[in-house]
Structures are given as C-alpha cells and as structure tokens.
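Bear in mind the structure is a predicted one, so any value in this text is a computation, not a measurement.
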Amino acid sequence: MIVKEVIGNINSYPAAESKTKDWVALENEALAKRVHHLNTSGGEVSVRLAPGKHLHVGDILAETEDSLVVVDVLPEDVLVISPDSINQMGVIAHELGNRHLPAQFIDDTMVVQFDYLIEKLLGDKEIAFERQQIKMPHPFRHIGHSHDH
C-alpha cells in the first residue's frame with residue numbers, strides 16, 4: 001500500500017473510537033521525514049508525502065472497514081531539566097545554545113535528547129534533572145545556523 005497523504009489524526013477523527021488501531025511506531029526523528037517504509041500487522045505501508053509535509057503522532061495512514069493504521073513514536077532517551085531559578089534557566093539555555101542542541105518545553109520543564117556531556121554539565125552546575133524514556137510528540141530539530149553575516 002502506498003500512502004501519499006494522511007487521512008486525519010486520531011484525536012479528531014470521528015470513526016476512531018469504533019475501529020481497531022494498528023499502531024506503527026517510529027523513532028522520534030523519523031517523524032520529520034516525508035518517506036517511510038513501514039510494517040504493520042496488516043502488511044507493508046510505504047509513505048510518500050508531498051514536500052514540506054511530515055508525520056505527527058496520531059496521524060492515520062490507512063483505513064479499512066474495521067481498523068486504522070495510526071502513527072506512534074518510540075520512547076526517546078531524554079534529560080528532563082527542571083531549573084529552580086531564572087538564573088539556572090539562563091545558564092543552561094546558554095550552554096545548550098552554544099552546543100546547538102535542540103530542546104523542547106513540556107509544561108515548566110526543558111527536555112533534551114540524552115547526552116552524557118550535558119548530564120555531567122547539569123550535575124556540575126547543580127541543576128535538577130532526570131533521565132527518562134518519553135514519547136516525544138515532536139521531533140528534535142537542529143536549526144540551521146551560521147556565524148557569517
């Protein structure tokens with residue numbers, strides 16, 4: 001089966017409640033890609049989205065009479081950072097920015113992909129953090145950067 005566009009998202013799809021879900025789990029970073037070759041319980045699915053499009057958690061790739069093929073993500077090895085002051089937030093934001101390390105924010109916490117050097121830095125600076133396995137809703141993206149002006 002070849003999928004060229006997403007049918008909808010399970011969070012707002014009317015038929016979602018009454019159908020069996022065939023979950024297809026991707027690595028977080030793979031969500032940003034347009035082309036995928038996936039195995040579901042019902043067979044293979046090739047996804048070829050238009051330029052500028054990518055997958056999201058909960059996207060429905062295919063529908064049959066009684067089931068939906070739905071995108072999920074695998075848990076990601078991350079550091080959940082909980083600074084206890086604006087000063088600590090500034091320090092860690094500066095350090096992560098210097099390393100061009102992408103971060104996401106969930107509620108009042110900063111989340112970055114696990115890196116042993118960042119783990120050591122957080123310990124050295126006495127900034128509270130936990131290493132966790134979390135299903136991240138969005139891919140970590142490196143933003144292009146140049147020091148040329």
Arg34 side-chain N/O to His54 backbone N/O, donor-acceptor pair under 3.5 Å: no
Side-chain heavy atoms under 4.5 angstrom apart, residues restricted to Ile, Leu, Val, Met, Phe, Trp, Tyr: same cluster for Leu101 and Ile127? yes
Gln133 atom CD, neighbour heavy-atom count above 12 within 6.0 Å: yes
Would you sort out whether Asp66 and Thr20 count as a side chain to side chain donor-acceptor pair (under 3.5 Å), showing the intermediate values? CA-CA 6 Å; Asp66 48 350; Thr20 304; 6.0 Å; no
Side-chain donor-acceptor distances from residues 10-17 under 3.5 Å, at least two apart:
{"unit_1": "Asn11", "atom_1": "ND2", "unit_2": "Asn9", "atom_2": "OD1", "d": "3.0"}
{"unit_1": "Tyr13", "atom_1": "OH", "unit_2": "Glu63", "atom_2": "OE1", "d": "2.5"}

Linking I/L/V/M/F/W/Y whenever any side-chain heavy atoms sit under 4.5 Å apart, do Ile60 and Val35 land together? no
For Gln113 and Glu29, what are the C-alpha separation, side-chain angles and deciding distance, and is it a side chain to side chain donor-acceptor pair (under 3.5 Å)? CA-CA 11 Å; Gln113 289 173 304; Glu29 291 178 356; 3.0 Å; yes
Got a sec: does the CZ of Phe105 have more than 12 other heavy atoms crowding it under 6.0 Å? yes
Under the 4.5 Å side-chain heavy-atom rule for ILVMFWY, direct or indirect, which residues accompany Ile86? none
Any donor-acceptor N/O pair, Asp22 side chain to Ser41 backbone, under 3.5 Å: yes
Closest non-hydrogen atom pair between Lys125 and Gln88, with its separation: O-NE2, 4.3 Å
Under the rule for side-chain hydrogen bond (donor to acceptor under 3.5 Å, both in side chains), what residues qualify as partners of Arg48, not counting sequence neighbours? none
Is the CD atom of Glu27 crowded by more than 12 outside heavy atoms at less than 6.0 Å? no
Quick check on the hydrophobic clustering: are Trp23 and Leu74 connected, directly or via other members, by side-chain heavy-atom contacts under 4.5 Å? no
Within 6.0 angstrom of Glu5 CD, more than 12 heavy atoms from elsewhere: no
